[in-house]
Protein chains: 2
Amino acid sequence: MEQLAPRRNLRDELKDRGIRMTHQREIVLELIQGSSRHLDAESLWKLAARKDTCINLATIYRTLTLLKRFGLVDELDLMHIEGEKHYYEVTRLRSHIHLACFRCGEIQEFQTPLFTKLCKQVEQECSFSIKTGRLEFGGLCSKCRQKERPAAD
Amino acid sequence: MEQLAPRRNLRDELKDRGIRMTHQREIVLELIQGSSRHLDAESLWKLAARKDTCINLATIYRTLTLLKRFGLVDELDLMHIEGEKHYYEVTRLRSHIHLACFRCGEIQEFQTPLFTKLCKQVEQECSFSIKTGRLEFGGLCSKCRQKERPAAD
DNA sequence: TCTTAGTTGCAAATGATTTGCAAGTAAAAC
DNA sequence: GTTTTACTTGCAAATCATTTGCAACTAAGA
Ligand SMILES: [Mn+2]
Ligand SMILES: [Mn+2]
Ligand SMILES: [Zn+2]
Ligand SMILES: [Zn+2]
């Protein structure tokens with residue numbers, strides 16, 4: 001999990017692995033890579049449709065499966081804050097954790113050395129070889145907390 | 001998340017909250033509470049069927065929703081190690097993390113003060129009020145690692 | 001015992017994701 | 001540049017997990 005090589009673009013990563021590049025894949029890769037949001041399959045599909053000819057939703061799913069298989073994207077649940085769908089983001093060098101607000105739906109990212117430490121502890125004490133991991137919290141974001149108890153407490 | 005009161009049995013917890021107790025609910029509560037495994041809705045359903053008259057699967061789901069709503073059970077993904085289903089366990093006093101082996105499917109639990117520390121850090125530094133959280137890892141368990149590289153390295 | 005709001009079973013609906021298959025295409029070989 | 005072939009796509013149907021509408025039932029307070 002922590003042995004990630006510096007990331008080039010997804011396109012090259014796939015080519016290096018001998019994966020055939022297609023028009024559809026180029027579009028999907030570019031979208032995931034360029035997005036600041038956490039995208040689910042359908043959002044990705046709609047963005048792709050806007051950008052170019054329609055890509056089939058099945059192709060989106062197949063591309064995501066491919067990327068997951070090579071550890072190039074992470075699949076997130078984000079506490080299933082909206083339905084049962086999953087969200088995707090390019091795997092980053094330093095892993096981060098996600099906070100999902102049950103009230104407003106905002107997703108916040110947070111990074112801390114404690115998490116890295118925890119991963120190492122798990123690998124050592126459980127002799128478990130981590131391939132992927134995710135830490136997600138659900139609750140109230142700071143904004144929603146303030147609205148919750150207005151000027152009180 | 002850390003302000004959990006000492007847990008009595010689920011039945012009483014629900015009664016205290018004015019929730020009506022039914023024959024079906026008693027069975028489901030007892031099963032979740034007594035299980036050492038992480039159960040998904042269907043497993044729970046099959047266990048219930050064995051134990052008594054058939055309970056409808058919809059009732060299982062409705063009971064789980066109820067328990068989740070009151071924070072009495074936690075819903076786990078366990079890295080969706082088998083399909084997209086979810087798993088359930090009684091919320092415990094001290095939260096723990098889950099390691100899922102992609103090879104053999106084993107689920108291991110692990111507890112560390114680092115996790116509690118991390119939760120506190122999140123609450124403080126993000127002023128995020130944690131209602132629920134989960135940390136899950138996927139990879140290879142120690143047994144499968146050994147089989148992986150037999151006597152090598 | 002009566003009453004009623006809350007609960008159940010059942011079957012159908014929903015939402016997310018996967019799959020089979022015939023047609024299309026990238027890219028290696030000629 | 002043409003051929004070849006294995007890989008990829010679109011489409012529609014299938015699958016899997018979970019939810020919902022509704023009429024019949026029942027827990028528990030009056
Ligand atoms: Mn993220
Ligand atoms: Mn999930
Ligand atoms: Zn919020
Ligand atoms: Zn294993």
Round to the nearest Å and state the distance from [X] atom [atom1] to [N] atom [atom2].
| X | N | atom1 | atom2 | value |
| --- | --- | --- | --- | --- |
| A:L57 | D:dA14 | CG | C1' | 15 Å |
| A:R25 | D:dG10 | CZ | C1' | 14 Å |
| A:E26 | D:dT8 | CD | P | 14 Å |
| B:D77 | D:dC16 | CG | C1' | 15 Å |
| B:K85 | D:dT19 | NZ | C1' | 18 Å |
| B:E42 | D:dT15 | CD | P | 15 Å |

Indicate for each nucleotide in nucleotides 24-30 of chain D, in 5' to 3' sequence, whether protein heavy atoms under 4.0 Å reach the base (B), only the sugar-phosphate (S), or nothing (-). --BBS--
Whether the A:Y88 and A:E75 side chains hold a donor-acceptor pair (N or O, under 3.5 Å, no angle test) is what I'd like checked.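 Judged by distance alone, the side chains do pair up.
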Do B:E136 and B:H98 have side-chain atoms, one donor and one acceptor, less than 3.5 Å apart?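 Their side chains do not contain a donor-acceptor pair, so the 3.5 Å distance test is not met.
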Just distance, no hydrogens or angles: give the donor-acceptor pairs under 3.5 Å from side chains in residues 54-65 of chain B, sequence neighbours left out.
from	atom 1	to	atom 2	distance (Å)
B:N56	OD1	B:A58	N	2.9
B:T63	OG1	B:T59	O	2.8
B:T65	OG1	B:Y61	O	2.9

From B:C101 atom SG to B:Q108 atom CD, the distance as rounded to the nearest 0.5 Å: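 It comes to 9.5 Å.
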Supply the atom-to-atom distance B:S129 OG to A:R145 CZ, rounded to the nearest 0.5 angstrom.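 The CZ atom of A:R145 is 5.0 Å from OG of B:S129, to the nearest 0.5 Å.
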5' to 3' contact window, DNA chain C with chain B (heavy-atom distance under 4.0 Å):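 The protein-touched segment is C:dA5 to C:dC10.
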Nucleic acid contacts - residues 58-67 of chain B versus DNA chain D, non-hydrogen atoms under 4.0 Å: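 Hits under 4.0 Å, by residue number: B:A58, B:Y61, B:R62.
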With sequence neighbours excluded, tell me which residues meet salt bridge (charged side-chain N to carboxylate O under 4.0 Å, His left out) with A:D74.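 For A:D74 there are no salt bridge (charged side-chain N to carboxylate O under 4.0 Å, His left out) partners, ignoring immediate neighbours.
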Parallel, tilted or perpendicular: which one describes the rings of A:F115 and B:F137, with boundaries at 30° and 60°?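 A:F115 and B:F137: parallel rings.
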Run through B:R25, B:R11, B:K51 and flag the one making a salt bridge (charged side-chain N to carboxylate O under 4.0 Å, His left out) with B:E30.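 Only one option passes, and that is B:K51.
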Quick one: does any side-chain atom of B:R17 pair with a main-chain N or O of B:E13 as donor and acceptor, under 3.5 Å?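 Flag set: sc B:R17 to bb B:E13 pair under 3.5 Å.
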A:H86: ring-ring contact (aromatic ring centres under 6.0 Å, His included) partners, not counting sequence neighbours: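 Testing A:H86 for ring-ring contact (aromatic ring centres under 6.0 Å, His included), a comparison that skips the adjacent residues, returns A:H80, B:H80.
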What closest approach, in Å, do B:L14 and B:F70 show between heavy atoms, and which atom pair accounts for it?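 Closest approach of B:L14 to B:F70: CD2-CD1, 3.9 Å.
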